[in-house]
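Okay, so here's the structure we're looking at.
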Amino acid sequence: MEESIICSQCESELAEQDIFCPNCGYPEKGDETEINKYHFRVKLKRDIVTDAEKKMKNVKILLYIIIGLNACLGLFYLFDEFTFADGIGNLIAALIFTGCLIWVNKNPLMGILAAFVFWILLQLSVIFVDPALIFQGILMKGVFLAIFIKGVNSAYDYKKYNAQLQEMNAN
Ligand SMILES: [Zn+2]
């Protein structure tokens, strides 16, 4: 009777002719080069996940800033009856971004996407009211835009590579 071979990484069963584990790809019967390649691939994926975590943290910091700005501006506007309505608008925006921030902690990809879409809509609504405002704080808007786009990409990578690592049982 043949002895069954168990993958040392994920404990899946290997067929006798298998060099690589059919589940996680570990070269159970591979040579040193193949084993090194496997560990290198795991390391690459881990590096991507770590980098994605950093960029997702940047989005969170950005959201704290946006929430703070909207809350301060909103409270300030409330004191003047001419800007009262704007003040309410800013406070609602601060609340919505706070909701997005909570969502980012639970589901980074969806939360960041929601915050990004809402932020774009806000920018568009401002431009709709007064097209000249597109140039107001354009550098800051560019930086925000870049952080959001990197954040969405990173949240996607984070999800994808974490799932791959889990499949490889290498977390
Ligand atoms: Zn395996």
Side-chain angles (χ1 to χ4, degrees), residues 1-71 92-125 137-171:
M1 196 180 138
E2 284 161 14
E3 211 176 309
S4 67
I5 303 149
I6 303 289
C7 170
S8 60
Q9 300 294 307
C10 73
E11 292 175 0
S12 290
E13 209 166 311
L14 273 75
E16 206 197 341
Q17 72 277 11
D18 284 345
I19 292 168
F20 296 91
C21 165
N23 179 53
C24 71
Y26 183 73
E28 194 58 52
K29 284 187 264 181
D31 57 24
E32 204 180 324
T33 316
E34 278 157 347
I35 290 171
N36 284 341
K37 264 190 201 160
Y38 173 87
H39 287 300
F40 183 68
R41 281 204 304 273
V42 169
K43 194 191 169 299
L44 274 185
K45 288 180 207 284
R46 280 213 183 105
D47 287 349
I48 292 171
V49 168
T50 310
D51 184 56
E53 275 168 347
K54 270 186 215 151
K55 284 182 183 133
M56 280 166 14
K57 208 176 159 192
N58 286 343
V59 175
K60 280 199 212 172
I61 294 167
L62 175 65
L63 285 177
Y64 278 119
I65 292 170
I66 292 175
I67 291 165
L69 282 176
N70 274 292
I92 291 173
L95 267 181
I96 293 175
F97 280 118
T98 305
C100 292
L101 184 61
I102 294 168
W103 204 5
V104 170
N105 287 325
K106 290 187 176 162
N107 186 333
L109 185 56
M110 293 312 291
I112 292 173
L113 268 177
F116 187 28
V117 168
F118 182 60
W119 182 79
I120 293 274
L121 289 176
L122 272 184
Q123 307 310 311
L124 289 178
S125 71
I138 194 148
L139 268 179
M140 190 179 74
K141 285 175 191 165
V143 172
F144 283 16
L145 188 67
I147 293 174
F148 269 127
I149 291 173
K150 273 184 196 153
V152 171
N153 270 330
S154 299
Y156 176 76
D157 283 348
Y158 180 80
K159 201 174 163 182
K160 183 175 146 193
Y161 288 98
N162 244 343
Q164 286 184 11
L165 282 171
Q166 240 154 38
E167 224 167 76
M168 294 167 95
N169 209 28
N171 266 347

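Both counts, for ligands and for their atoms, begin at 1 and track the order of listing.
Using bins of under 30°, 30° to 60° and over 60° for the plane-to-plane angle, the ring pair Phe116/Phe148 lands in the parallel bin.
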Atom pairs and distances, side-chain donor-acceptor, residues 27-34, under 3.5 Å, sequence neighbours left out:
unit_1, atom_1, unit_2, atom_2, d
Glu28, OE1, Ser8, N, 2.7
Glu28, OE1, Ser8, OG, 3.0
Lys29, NZ, Glu16, O, 2.3
Lys29, NZ, Asp18, O, 3.3
Asp31, OD1, Thr33, N, 3.2
Asp31, OD1, Glu34, N, 3.0
Glu34, OE1, Asp31, N, 3.0

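The environment of NZ in Lys141 is crowded: more than 12 heavy-atom neighbours from other residues, nucleotides or ligands sit within 6.0 Å.
For Tyr158, the ring-ring contact (aromatic ring centres under 6.0 Å, His included) test picks out no residue, with sequence neighbours left out.
In this structure, the side chains of Ile112 and Leu63 stay at 4.5 Å or more apart for every pair of heavy atoms.
Screening residues 51-70 for ring-ring contact (aromatic ring centres under 6.0 Å, His included), with sequence neighbours left out, gives no hits.
Around the Zn ion (ligand 1), the protein contributes the following N, O or S atoms under 2.8 Å, ordered by chain and number: Cys7 SG, Cys10 SG, Cys21 SG, Cys24 SG.
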